[in-house]
Structures are given as structure tokens and as C-alpha cells.
Amino acid sequence: MTTRAQILLMPGSPALVDALAPAHEPSRRVLECIRSAARDMLEDTNARAVDIVCPLEQRDYTAHTGSFAAWGAPQVQPGAGNYLPELVARYALAPLEVQVREVREHIGTPSPEVLTVVVVDGPAGLTARAPLALVPGAPELHAQLQDFVAGKAELPGQLESLGVFAPRLWEELANVEALRRKLYCADDSLGVGRYVGVWEVCS
């Protein structure tokens with residue numbers, strides 16, 4: 001019998017934090033999509049803990065443990081974490097009152113006992129006002145990544161050259177044996193590809 005585990009894909013965008021982008025309605029919708037998907041998955045599995053898988057890179061590090069002070073919101077305190085993707089994930093999941101069991105850089109073998117939350121972002125060059133300005137080919141990649149998350153296509157190539165800052169986790173996802181994949185929502189309003197997806201995988 002195949003043992004199954006659940007993966008939630010979410011973006012690491014700081015704009016998901018209400019205090020950092022209070023008037024940005026698309027980010028509020030993406031945040032609610034993350035929470036809705038996570039709530040459904042936790043209810044399905046009766047899990048009360050999560051593993052967070054995200055890049056832990058120096059450019060995203062803050063010495064202000066468990067706080068968004070480095071990004072201008074010291075009043076927002078998810079409670080733990082020193083790297084932006086982890087802090088965003090903790091913030092997004094906070095209303096669900098789940099325990100964070102582990103934070104790591106690699107997906108490895110997801111446990112059926114917890115919800116594995118993988119923080120990944122798409123290309124950062126989808127518009128002229130994006131972090132990388134407009135990168136030729138990035139809009140097409142954004143569409144292809146939506147199909148990949150939804151299980152309709154294989155992972156496209158040239159991720160880094162088309163504006164994906166941290167392609168390694170996408171490549172690890174491509175090697176996960178997924179039994180079911182669903183894209184909950186996608187957004188490009190800030191010029192960066194953001195995706196929320198739920199996967200059922202072999203563990």
C-alpha cells in the first residue's frame with residue numbers, strides 16, 4: 001500500500017504580510033488562498049504540525065528572530081525564524097495554530113504525519129516594474145509553471161535565466177512522485193509569479 005503525504009506550495013512574497021502591503025488586494029487574495037488550502041489539507045489529514053521547506057539564503061536573513069522588523073513591520077512577529085521565506089510561511093499559517101516541526105532547505109521524503117509547506121516563487125521579471133524589469137520569456141514561463149503546479153505539464157527549463165531566483169526547489173519538486181496536483185490560484189500583479197498549489201505525493 002502506498003503511503004501518501006501532502007505538500008502545500010506557496011510563495012514567499014513579503015507583500016502577503018498585511019502590514020507590508022495593506023492596500024494590495026491581490027496579495028490579500030493569495031494569502032486567503034494559502035490559508036484556505038492549508039486548512040482543507042490539515043482537516044483531511046488530521047495533522048496539526050507542518051514542515052517548512054524553503055531557501056535559507058544570506059540575502060533573506062535577519063538577526064531579528066521571529067520578526068518582520070527588517071522589512072519595516074516590527075509589530076508583526078510570527079514567533080520564530082530568521083529567513084524571509086520561513087517568516088512569511090509562519091505568518092500565513094499562524095491563524096491555523098499549527099506547530100512547526102521542522103524547517104529545512106530540501107524536500108527530501110515528505111512525512112504523511114505533517115503538512116509539508118514548500119515556499120517557491122516564479123520568475124521575477126513579468127512586467128516592466130518587476131524586480132528584474134521585464135525579462136523576455138518570463139511571462140511564458142509563468143504560464144508553464146502554472147501548468148506544472150496543476151499537473152498538466154513537466155517542469156520547464158531555463159528557470160534561472162528567465163528570472164527565477166531559487167530554482168533548486170522547483171527542480172526537487174519535479175522529482176517528487178505526485179499522485180495528485182492542483183493549482184489553487186496564481187498571481188502576477190507584482191511582476192513576480194506567485195502560485196498556491198496542493199499535491200498528494202508518495203512518501
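A quick note: this is a predicted structure, and the numbers were derived from the prediction, not measured.
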Of all heavy-atom pairs between [X] and [Y], which one has the smallest distance, and what is that distance?
X	Y	answer
Leu87	Ser67	CD1-O, 3.6 Å
Arg194	Ser189	NH2-OG, 3.7 Å
Phe68	Leu20	CD2-CD1, 4.2 Å
Ala15	Arg28	O-NH2, 3.0 Å
Leu16	Leu31	O-CD2, 3.4 Å
Ser13	Val88	O-CG1, 3.7 Å

Check this for me: Glu25, atom CD, are more than 12 non-hydrogen atoms of other residues, nucleotides or ligands nearer than 6.0 Å?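 Yes, CD of Glu25 has more than 12 neighbouring heavy atoms, counting only those of other groups under 6.0 Å.
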Do [X] and [Y] belong to the same hydrophobic cluster, where Ile, Leu, Val, Met, Phe, Trp and Tyr are linked whenever their side-chain heavy atoms lie under 4.5 Å apart, directly or via other members?
X	Y	result
Val196	Val50	yes
Leu96	Val17	yes
Val53	Tyr61	no
Leu169	Leu183	yes

Would you check if the side chain of Arg104 reaches a backbone N or O of Ile107 as a donor-acceptor pair within less than 3.5 Å?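 Confirmed, Arg104 side chain pairs with Ile107 backbone.
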Can any side-chain N or O of Thr45 pair as donor or acceptor with the backbone N or O of Met41 at less than 3.5 Å?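 Here the side-chain-to-backbone pair exists.
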Between atom CZ of Arg29 and atom OG of Ser36, what is the distance when rounded to the nearest 0.5 Å?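 So the gap between those two atoms works out to 14.5 Å.
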Can you tell me how far CG of Leu9 sits from NZ of Lys182, rounded to the nearest 0.5 angstrom? 14.0 Å
Does anything in [range] form a ring-ring contact (aromatic ring centres under 6.0 Å, His included)? List the pairs, not counting sequence neighbours.
range	answer
residues 178-203	His142-Tyr195, Phe148-Trp199, Trp170-Tyr195
residues 3-26	none
residues 94-140	none

Presence of salt bridge, Glu86 and Arg90, under 4.0 angstrom: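 A salt bridge is present here (some side-chain N lies under 4.0 Å from a carboxylate O).
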For the pair Glu172 and Arg168, find out whether any cationic side-chain nitrogen is under 4.0 Å from an anionic carboxylate oxygen. yes
Give every donor-acceptor pair under 3.5 Å between a side-chain atom in residues 69-76 and any protein atom, sequence neighbours left out.
none

Passes side chain to side chain contact (heavy atoms under 4.5 Å, CB included), Met10 versus Arg35? Steps please. CA-CA 10 Å; Met10 63 164 282; Arg35 289 173 174 170; over 6 Å; no
Exercise answer: donor-acceptor pairs, residues 110-135 side-chain atoms, under 3.5 Å, sequence neighbours excluded:
unit_1	atom_1	unit_2	atom_2	d
Ser111	OG	Glu113	N	3.1
Asp121	OD1	Gly12	N	3.1
Asp121	OD2	Gly12	N	3.4
Thr127	OG1	Arg129	N	3.4
Thr127	OG1	Ala130	N	3.3

Compile the donor-acceptor pairs under 3.5 Å between side chains in residues 155-167 and protein atoms, sequence neighbours left out, one pair per line.
unit_1	atom_1	unit_2	atom_2	d
Ser161	OG	Gln158	O	3.1

